[in-house]
Amino acid sequence: MEIKTERIRKIVVVISGASGSIYGIRLLNHLLPNPIEVHLIISRAGEAVLRHESDFSGGSFKRFLKAGGTDFHGKGRLIVHNSKNLHASPASGSFKHDGMVIAPCSMKTLAGIAAGYAPDLIGRAADVTLKERRPLILLTRETPLSLIHIENMAKATRAGAVIMPPCPGFYHQPITMVDLADSVIARVLDHLKIEQNIVEQWGEDEDLEEEADDL
């Protein structure tokens, strides 16, 4: 009997055209040091925001991440897809992955997902993720919210998506912008069932203190 080796996890990451590209970058920073195959899609507007909010100036995104200090696991891969390529692997339901994260998720991208409108690879990959009942996490970025935004979030939620507005926590006493972003990414990794040590689970220190008090 042939013993199958453990499958490498595959995660689809999208950076769309909303402010907050740091969330997509930090998610990649934490995924790529692991034996994970990451499929990255950046919208045209997402690339424009990246250029404005980071040091990215075009060219190889892998080179950009390495220059920023991202470690790449020997068994991991970063595959960058053109957002217009509807023949790419994430466009097919037969492409088995472990979750898709849109970080950040613009209201335009959310609207397309809620309506089942898939004019590009991002919309198609999200549509496929929902129909195949795989995790779809949307870091929706907008404030204040109109009723249209809220209703689109409700529709996406009913379809199976997880709406996760990137609201950083402060109980871990963040010092830098990266600390703030990472508190959100820790929640994303938790939902993807990927172990993380970015932020301790609430109550871990208290449990230790209670044990010490009982001694």
* Report yes or no: is the cationic atom of Lys10 (NZ for Lys, CZ for Arg) under 6.0 Å from the centre of the six-membered ring of Phe95, at an angle within 45° of the ring normal? => no
* Would you find more than 12 non-hydrogen atoms of other residues, nucleotides or ligands less than 6.0 Å from Ile148 atom CD1? -> no
* Just by modelled atom types, is the Gly20 backbone N or O under 3.5 Å from a matching donor or acceptor in the Glu53 side chain? -> yes
* To do: List the steps, then state whether side chain to side chain contact (heavy atoms under 4.5 Å, CB included) holds for Ser21 with Phe56.
  => CA-CA 11 Å; Ser21 54; Phe56 182 66; over 6 Å; no
* To do: Please confirm whether His81 and His39 have ring centers closer than 6.0 angstrom.
  => yes
* Asked: Do the side chain of Asn85 and the main chain of His87 share a donor and acceptor less than 3.5 angstrom apart?
  -> yes
* To do: Would you check, one step at a time, whether the test side chain to side chain contact (heavy atoms under 4.5 Å, CB included) holds for Arg9 with Ile194?
  => CA-CA 10 Å; Arg9 287 190 183 189; Ile194 295 174; 2.8 Å; yes
* For Cys105, the option from Ile137, Leu136, Leu110 that meets side-chain contact (heavy atoms from CB on, under 4.5 Å) -> Leu110
* Asked: Which is it for Lys66 and Arg63 under the side chain to side chain contact (heavy atoms under 4.5 Å, CB included) test, yes or no, and what are the steps along the way?
  -> CA-CA 5 Å; Lys66 283 188 172 181; Arg63 190 178 302 116; 5.7 Å; no
* Asked: Say you draw a straight line from NE2 of His149 to OG1 of Thr143; how long is it, rounded to the nearest 0.5 Å?
  -> 10.5 Å
* Look only at the side chain of Asp179 and the backbone of Ile175, and say whether a donor-acceptor pair between them is shorter than 3.5 Å. => yes
* To do: Give a yes or no on whether Arg134 atom CZ has more than 12 heavy-atom contacts from other residues, nucleotides or ligands under 6.0 Å away.
  => yes
* Is a donor on one side and an acceptor on the other found under 3.5 Å between the side chain of Thr109 and the backbone of Ser16? -> no
* If only atom types and distance count, is the side chain of Arg141 paired as donor or acceptor with the main-chain N or O of Ser19 below 3.5 Å? -> yes
* Indicate whether the side chain of Thr129 and that of His97 have a donor and an acceptor atom separated by less than 3.5 Å. => yes
* Considering only heavy atoms from C-beta outward, does the side chain of Thr70 approach that of Phe64 to under 4.5 Å? -> no
* **Pairing of Arg51 and Glu47 as salt bridge, 4.0 angstrom limit** => yes
* Asked: Is any side-chain heavy atom of Met153 less than 4.5 Å from a side-chain heavy atom of Leu145?
  -> yes
* Applying side chain to side chain contact (heavy atoms under 4.5 Å, CB included), run through Val14 and Met100 and close with a yes or a no. => CA-CA 8 Å; Val14 173; Met100 176 174 174; 3.6 Å; yes
* Asked: Considering only heavy atoms from C-beta outward, does the side chain of Leu78 approach that of Leu40 to under 4.5 Å?
  -> yes
* Asked: Does one hydrophobic cluster hold both Leu31 and Val101, with members joined at side-chain heavy-atom distances below 4.5 Å?
  -> yes
* Hey, quick one: are Ile198 and Leu65 part of the same hydrophobic cluster, counting side-chain heavy atoms closer than 4.5 Å, chains of contacts allowed? -> yes
* To do: Using the rule that two of Ile, Leu, Val, Met, Phe, Trp, Tyr join whenever any of their side-chain heavy atoms come within less than 4.5 Å, decide whether Leu121 and Leu130 are in one cluster.
  => yes
* When rounded to the nearest 0.5 angstrom, what is the spacing between CG in Leu50 and CD1 in Ile15? -> 5.0 Å
* Asked: Between Leu139 and Val188, is any pair of side-chain heavy atoms under 4.5 Å apart?
  -> yes
* Asked: Can Asp120 and Ser83 be counted as having a side-chain donor-acceptor contact under 3.5 angstrom?
  -> no
* Transitively linked via ILVMFWY side-chain contacts under 4.5 Å: Tyr23 with Ile11? -> yes
* Asked: Could you state the interatomic distance from OG (Ser183) to CZ (Arg26), rounded to the nearest 0.5 Å?
  -> 11.5 Å
* Tell me, yes or no, whether the heavy-atom count around Lys96 atom NZ, taken from other residues, nucleotides or ligands under 6.0 Å, exceeds 12. => no
* Asked: How far apart are the closest heavy atoms of Val184 and Met164, and which atoms are they?
  -> O-SD, 4.5 Å
* Could you state whether Val128 and Ile113 fall into the same hydrophobic cluster, counting links through intermediate Ile, Leu, Val, Met, Phe, Trp or Tyr residues with side-chain heavy atoms under 4.5 angstrom apart? => no
* Asked: Are any non-hydrogen side-chain atoms of Leu189 and His30 less than 4.5 angstrom apart?
  -> yes
* For the residue pair Asp182 and His172, confirm or rule out a side-chain donor-acceptor distance under 3.5 Å. => no
* Give a yes or no on whether Arg124 atom CZ has more than 12 heavy-atom contacts from other residues, nucleotides or ligands under 6.0 Å away. => yes
